[in-house]
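Read the structure below first, then the notes.
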Amino acid sequence: MDDVEKAILISFDESGAIDSALKSQAVSFCQQIKETPTVCRLCIEKLCFCRLVQVQFWCLQTLHELIRVKYALLSLQEKDFMRKSVFSMCCFEAIDDQNNNAVRILEGGPAFIKNKLAQVFVALVYFEYPLTWSSVFVDFLPHLRKGAVVIDMFCRILNALDDELISLDFPRTSEEMGVAGRVKDAMRQQCITQIVTFWYDVVSMYWNSDPDLCSGVLDSMRRYISWIDIGLIVNDLFIPLLFQLILVDGGSDQLQGAAAGCVLAVVSKRMDHQSKLSILQSLQINRVFGLVTGDGDSELVSKVATLITGYAAEVLQCYKWVNTDDAKGVSLELLNEVLPSVFYAMRNFEVGTTFSIVQFLSCYVATMKSLSPLREKQLRQVGQILEVICARIRYDPIYRDNLDMLDKIGREEEERMAESRKDLFLLLRSVGRVAPDVTQIFIRNSLASSISSMSERNVEEVEASLSLLHALGESLSDEAIKTGSGLLHELVPNLLSTSFPCHSNRLVALVYLETITRYMKFVQENTRYVPMVLAAFLDERGIHHPNFHVSRRASYLFMRVVKLLKAKLVPFIENILQSLQDTVARFTTMNHISNEFSGSEDAIHIFEAIGLLIGMEDLPPEKQSDYLSSLLTPLCHQVEALLINANVLNPEESPVKIANIQQIIMAINALSKGFSERLVTTSRPAIGVMFKKTLDILLQILVVFPKIEPLRNKVTSFIHRMVDTLGASVFPCLPKALGQLLAESEPKEMVGFLVLLNQLICKFNASMHHIVEEVFPAIASRIFRIVSLPSGDGTSSEEIRELQELQKTFYTFLHVITTHDLSSVFLSTKSRGYLDKMMHLLLHSACNHKDILVRKIFIRLIKDWCTRPYGEEKVPGFQRFIIDGFAMNCCFDSALDKSFEFHDANTLILFGEIVLAQKVMYEKFGDDFLAHFVTKCFTSAHCPQDLASQYCQKLQGNDMKALRSFYQSHIENLRFQQNGSLVFK
């Protein structure tokens with residue numbers, strides 16, 4: 001073993017036993033060898049005499065790289081030597097006949113070495129065939145007489161040629177496409193007929209004695225059928241042979257499957273539809289229909305199923321595109337013949353095959369629309385398609401326990417089925433449009449059949465039937481469900497009145513509740529079914545189901561039902577509350593909040609549903625107060641008790657208690673959603689008093705737990721809710737609430753605080769003046785301290801993101817203040833000290849960001865603080881700051897920047913604000929603005945005087961569109977001049 005071989009072995013070592021430095025040295029040495037002028041001869045020599053597969057692979061890989069990258073740089077002698085050497089290796093000949101120790105790669109070499117050799121051969125074909133090496137394939141054919149070794153190698157070459165150059169399954173460059181066309185044209189003219197003859201001879205001769213070899217030959221042939229003359233395959237010799245191989249009793253599954261693949265390639269070949277139909281008719285494909293009833297897991301059955309699917313799809317295409325009635329009749333006859341086998345395949349085979357069949361059936365159903373009204377045969381086929389859908393959406397009983405417990409296997413199976421069902425339910429929707437009556441009858445019968453067996457064993461059948469009914473509802477309009485069109489007037493009552501023996505199963509219970517919810521519009525119009533709906537949700541089928549996943553989902557769905565039925569549920573409120581008593585007790589009873597509710601907001605939907613029920617004005621006031629008090633009082637007592645004992649909590653108890661408080665706040669928040677502002681402030685103020693007391697209690701949480709972020713967030717959310725619910729009567733609580741929230745605010749909490757203030761200002765307008773005036777100095781101080789902090793290397797991306805969000809929210813806050821006539825807040829004694837910082841921050845952002853909001857703030861402040869020209873200044877120095885800073889930097893310089901792209905829609909909106917700002921400044925500042933701005937923007941830019949005059953005229957006029965168009969043209973011209981000056985420099 002020489003140094004080269006040692007280095008190659010070391011570089012390929014993956015055992016970890018080799019020192020990394022030595023391995024790196026070996027890799028470097030091998031790379032140096034690749035750069036030597038004699039590397040080609042070195043590689044051929046090693047391939048002739050070395051039996052180490054690592055060395056053989058490295059040499060072949062190096063040759064392949066050499067051909068692909070540097071072939072044009074090789075001398076004619078080197079090219080000739082490489083061509084002859086590679087050809088000899090592929091033909092099982094020794095390159096050096098004088099040496100008895102010469103190695104033949106094809107003799108016992110592993111498959112990956114032969115494949116790499118084929119890849120090298122094809123690389124030579126890429127550059128040399130047919131212009132230089134025109135006889136390569138013709139020269140190769142005589143060597144096939146040497147037997148299986150060379151035949152196998154030739155097939156590998158053909159496969160590599162397809163993979164590397166011809167196949168369109170891989171992206172190709174235009175150059176590669178051109179070479180592929182040249183190679184195919186040459187092969188068609190020169191040798192493809194001989195190659196087809198070789199395929200036929202080998203398969204007919206060896207199919208019985210060497211089926212693996214024949215499978216390889218047929219696999220190569222399948223790849224080439226798409227672009228060779230179809231008459232070479234579709235003839236009295238080849239087609240009978242292929243069907244003989246497919247149908248042979250006790251044959252090799254691999255060989256039979258390869259033959260089926262070739263027939264599929266014939267079926268799928270692109271051609272004129274009339275010609276295609278003639279070929280399809282001549283194949284007599286019905287000969288293979290019986291094979292699909294075999295073992296569904298075998299390779300043969302899968303291949304035959306794919307063949308039948310492909311055949312059916314091509315027949316359907318012919319039916320759609322042929323023009324004559326006779327041709328359409330033939331197509332329909334062939335289609336009717338193949339459909340039973342297609343249906344069988346879809347019912348019994350796995351997803352890989354099923355997907356293409358679903359695509360086919362969807363196309364077939366779409367074609368049915370042209371056959372209105374459907375004939376009896378088509379109606380039967382619709383029923384068969386529905387049977388197929390029902391079979392394919394049914395879970396395998398083997399996963400029943402996994403799905404019920406929802407363990408890892410159950411989750412994976414549920415996800416797989418959900419993905420598979422998407423296409424199947426789309427197909428169901430299409431079928432429902434084409435044959436609505438047949439579809440509803442099928443679903444009714446399917447449901448009746450699954451109910452009649454009354455056994456735990458039919459869980460999957462019941463779930464599938466209910467899923468079909470649910471999917472049908474998804475495809476129907478609300479109006480169709482309301483009126484109970486078709487059989488819905490029968491289906492929905494049957495659904496509500498049925499108690500399935502397998503209702504304890506998670507999947508059955510879930511789809512049952514989802515389906516009831518989907519058809520709730522029908523119940524809304526037929527209120528006699530309301531008690532049945534309530535029973536389904538409130539008994540062990542729904543909220544009281546033993547499976548936690550079901551009861552939790554039932555809570556959410558019940559809330560949706562209450563939202564929809566609302567007033568129709570008033571007579572049943574007492575019964576509903578009694579049924580939910582144990583669920584509510586998990587919150588209202590001290591220390592009764594179970595761990596399974598922690599972190600789950602779904603259970604809160606029960607309180608939202610109750611709030612919607614007891615928040616209606618249809619209830620007597622006394623009843624309403626009693627209901628609300630019975631819920632709020634124990635919840636508030638729990639909070640008070642937890643707050644009193646907060647100081648004596650040990651570290652282990654604290655997280656649990658905090659989680660309990662969180663859940664209670666969420667429950668109260670959800671409960672309050674059912675009460676309108678009008679009800680609690682006007683018609684029944686006693687309700688408002690209860691909520692105000694509750695707010696006072698919950699605000700104590702901020703005092704006891706000032707830095708617990710989840711609690712702060714939940715309390716803030718409740719304040720938001722109370723603003724909407726209590727209206728102006730919330731005012732007495734605001735100073736305390738806002739003061740406490742502001743006291744411990746970090747950047748993230750400050751964002752939430754500002755959002756709350758925005759809501760308050762938008763709702764109460766100028767009434768918020770005193771409160772905003774009080775809190776603004778503290779807000780400004782905190783913001784400017786945070787925003788001015790340097791974001792150096794130690795600042796994380798999350799911290800930067802939080803700061804950016806805070807700054808954006810602060811600008812929104814300032815905009816809300818200015819647009820609600822509260823800008824005088826900035827001028828108060830306490831706030832005036834922050835005015836300069838605020839103005840410069842806004843100016844910097846307006847000049848460096850494409851944020852339209854900041855410019856709107858400036859426009860509003862100009863309107864508020866500046867009187868008509870020559871009037872007294874409300875804010876001394878503000879006018880000069882705007883003209884010198886804002887006007888020039890934000891309305892002129894920033895628009896000249898190359899990042900200001902007029903083709904962008906957002907930029908155009910921003911530009912509109914820039915023009916509006918100029919108009920407002922002229923209206924407020926008059927000639928002071930005009931003289932300064934025109935001098936800087938026009939005179940200093942050496943623009944003609946008449947251009948400045950035109951600007952003044954348009955600014956003084958009322959046509960904003962004309963002003964905007966003129967100014968945009970001016971900016972674009974200046975930018976063009978700037979670019980030109982750069983070029984001429």
Decide yes or no on salt bridge (Lys or Arg N to Asp or Glu O under 4.0 Å) for Lys863 and Glu923, but give the supporting numbers first.
-> CA-CA 9 Å; Lys863 290 180 177 180; Glu923 290 174 350; over 6 Å; no
Between the side chains of [Y] and [X], is the shortest nitrogen-to-carboxylate-oxygen separation below 4.0 Å, so that they form an ion pair?
X      : Y      : value
Glu805 : Arg801 : yes
Asp821 : Arg860 : yes
Lys830 : Glu774 : yes
Arg553 : Glu514 : yes
Arg506 : Glu463 : no

Pairing donors with acceptors under 3.5 angstrom, does anything connect the side chains of [X] and [Y]?
X      : Y      : value
Asn669 : Ser717 : yes
Ser629 : Thr633 : yes
Ser831 : Ser828 : yes

Check whether more than 12 heavy atoms from other residues, nucleotides or ligands sit under 6.0 Å from atom [atom1] of [X], and answer yes or no.
X      : atom1 : value
Lys808 : NZ    : no
Gln578 : CD    : yes
His770 : NE2   : no

Under the side chain to side chain contact (heavy atoms under 4.5 Å, CB included) criterion, do Met616 and Gln624 qualify, and how do the steps go?
-> CA-CA 8 Å; Met616 291 185 286; Gln624 193 170 49; 5.6 Å; no
From Ser555 atom OG to Leu513 atom CG, the distance as rounded to the nearest 0.5 Å | 10.0 Å
Can you tell me how far OG of Ser676 sits from CD of Glu617, rounded to the nearest 0.5 angstrom?
-> 5.5 Å
On the 0 to 90° scale, with breaks at 30° and 60°, tag the Phe691-Phe675 ring pair as parallel, tilted or perpendicular.
-> perpendicular
Apply the test salt bridge (Lys or Arg N to Asp or Glu O under 4.0 Å) to residues Glu574 and Lys623: give CA-CA distance (whole Å), side-chain angles for both, the deciding distance (0.1 Å), then the verdict.
-> CA-CA 10 Å; Glu574 193 77 42; Lys623 279 272 188 187; 3.2 Å; yes
Taking the six-membered ring for Trp, are His503 and Tyr512 ring centroids under 6.0 Å apart?
-> yes
What about the rings of Phe776 and Phe826, do their centers lie closer together than 6.0 Å?
-> yes
Step by step, would you call Val730 with Lys692 a side chain to side chain contact (heavy atoms under 4.5 Å, CB included)?
-> CA-CA 7 Å; Val730 80; Lys692 274 186 276 188; over 6 Å; no
